[in-house]
Amino acid sequence: MFQVINHSMSPEFLDEVREITKQFFALPVADKKKYLRQVNDIQGYGNDMVFSEQQTLDWSDRLYLSVYPQDNRKLKFWPKNPDSFSRTLDQYAMELQVVTKTILKVMTRSLDLEDNCFSDLYGEQGKMNIRFNFYPPCPRPDLVLGLKPHSDGTLITLVLQDKEVEGLQFLKGDHWFRAPIVPDALLINIGDLVEILSNGIFKSPVHKVVINPNKERISLAAFCMPESHKEIEPFERLVDESRPRLYKKVTNYDGIYFEYYQQGRRAIEAART
Ligand SMILES: O=C(O)CCC(=O)C(=O)O
Ligand SMILES: [Fe+2]
């Protein structure tokens with residue numbers, strides 16, 4: 001996990017992105033329900049997906065929208081209110097796409113691989129889905145979690161945090177550490193796919209979101225993934241006798257990811273050799 005500043009987005013623009021998010025979630029329930037997610041879709045407004053009676057539900061509301069490739073956009077789920085929503089989201093997605101490509105390039109370089117190793121995987125048809133998260137306050141924060149512990153099933157995830165209210169925490173060893181708020185930064189989370197590709201050199205951290213007793217919190221998470229059919233496995237150059245291969249080849253990772261997620265398990269365990 002690291003935070004990126006000096007990206008091309010101004011503080012004012014990031015505030016605008018946070019503002020449309022707050023305005024959407026502040027709408028009356030009946031208005032938000034116009035964008036309700038259908039049972040077999042991931043796009044739309046709603047809560048945690050329910051897979052089983054046993055599952056612990058996350059204390060959050062969310063709006064999940066695909067932004068890339070453009071063909072994946074389902075505009076019927078893009079809020080009409082506030083009226084700047086679509087314009088701002090379109091701009092934000094464009095800016096994030098540039099940041100994503102830069103970060104993937106820098107990461108491959110730091111592994112001494114060819115520049116385009118990760119970016120070829122993400123490529124022109126790479127998927128970016130944005131989840132707008134809204135965490136209402138809860139008088140008994142000890143009893144709930146905004147998001148249960150998980151790692152992301154992505155290459156990387158770009159998170160815009162709330163400017164005032166903390167909540168995101170990362171697990172290192174046995175301890176949870178708070179992610180500090182850096183108002184104008186994007187927080188970059190390494191996902192499971194980069195852990196697999198880098199043969200474990202980059203780690204995909206487990207994180208969760210805790211709830212504030214008095215204040216609501218928002219965040220936006222942009223999940224960057226290759227097309228589902230692409231084969232993901234450790235780069236040959238990162239496998240040798242001193243560093244044995246840790247992961248099998250996976251395809252269609254987002255499919256198995258959600259199944260594991262709902263059971264509170266990590267999908268990456270299924271990919272271990
Ligand atoms: O709310 C946050 O800060 C993090 C969100 C997150 O981890 C996710 O949506 O996967
Ligand atoms: Fe996450």
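Below, each value reflects all heavy atoms present in this structure, side chains not excepted, and no hydrogens, waters or symmetry copies. As the structure is a computational prediction, the values presented were derived from the model and not from experiment. Read the numbers this way: they start at 1 and go in the same order the structure lists the ligands and their atoms.
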Between [X] and [Y]: side-chain donor-acceptor atoms closer than 3.5 Å:
X: Ser151; Y: Arg266; value: yes
X: Arg131; Y: Asn129; value: no
X: Gln43; Y: Tyr35; value: no

- request: Please work out whether any backbone atom (N, CA, C, O) or any side-chain heavy atom from C-beta onward of Asp152 is under 4.0 Å from ligand 1, and answer side chain, backbone, both or neither.
  value: side chain
query: Just heavy atoms, cut-off under 4.0 Å: does Leu147 contact ligand 1 by side chain, backbone, both, or neither?
result: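 Leu147 to ligand 1: side-chain contact only, backbone stays beyond 4.0 Å.
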task: Could you grab the angle centred on the Fe ion (ligand 2), going from OD1 in Asp152 to NE2 in His207, to 10°?
output: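 Roughly 90°, rounded to 10°.
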- request: Using a strict 4.0 Å threshold on nitrogen-to-oxygen distance, state whether Lys22 and Glu19 make a salt bridge.
  value: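 Not counted as a salt bridge, because no side-chain N and carboxylate O are separated by less than 4.0 Å.
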Element-labelled atoms of ligand 1 that are located less than 4.0 Å from some non-hydrogen atom of [X]:
X: Phe223; result: 8 (C), 9 (O), 10 (O)
X: His207; result: 7 (O)
X: Val209; result: 1 (O), 2 (C), 4 (C)
X: Tyr135; result: 1 (O), 2 (C), 5 (C)

Could you find the nearest protein heavy atom to [atom] and give me its residue, atom name and distance?
atom: atom 3 (O) of ligand 1; answer: Arg217 NH2, 2.8 Å
atom: atom 10 (O) of ligand 1; answer: His150 NE2, 3.1 Å
atom: atom 2 (C) of ligand 1; answer: Ser219 OG, 3.3 Å
atom: atom 9 (O) of ligand 1; answer: Arg131 NH2, 2.8 Å

field: Connected via hydrophobic side-chain network under 4.5 Å: Leu155 and Val4
entry: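 Same cluster: Leu155 reaches Val4 through Ile, Leu, Val, Met, Phe, Trp or Tyr contacts under 4.5 Å.
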- request: Take the angle between the ring planes of Tyr64 and Phe223 and call it parallel below 30°, perpendicular above 60°, tilted in between.
  value: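 Parallel.
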- request: For the residue pair Phe177 and His175, categorise the inter-ring angle as parallel (less than 30°), tilted (30 to 60°) or perpendicular (more than 60°).
  value: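 Ring orientation, 0 to 90° scale: perpendicular.
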message: What's the separation between atom CG in Asp71 and atom OG in Ser66, rounded to the nearest 0.5 Å?
response: 11.0 Å
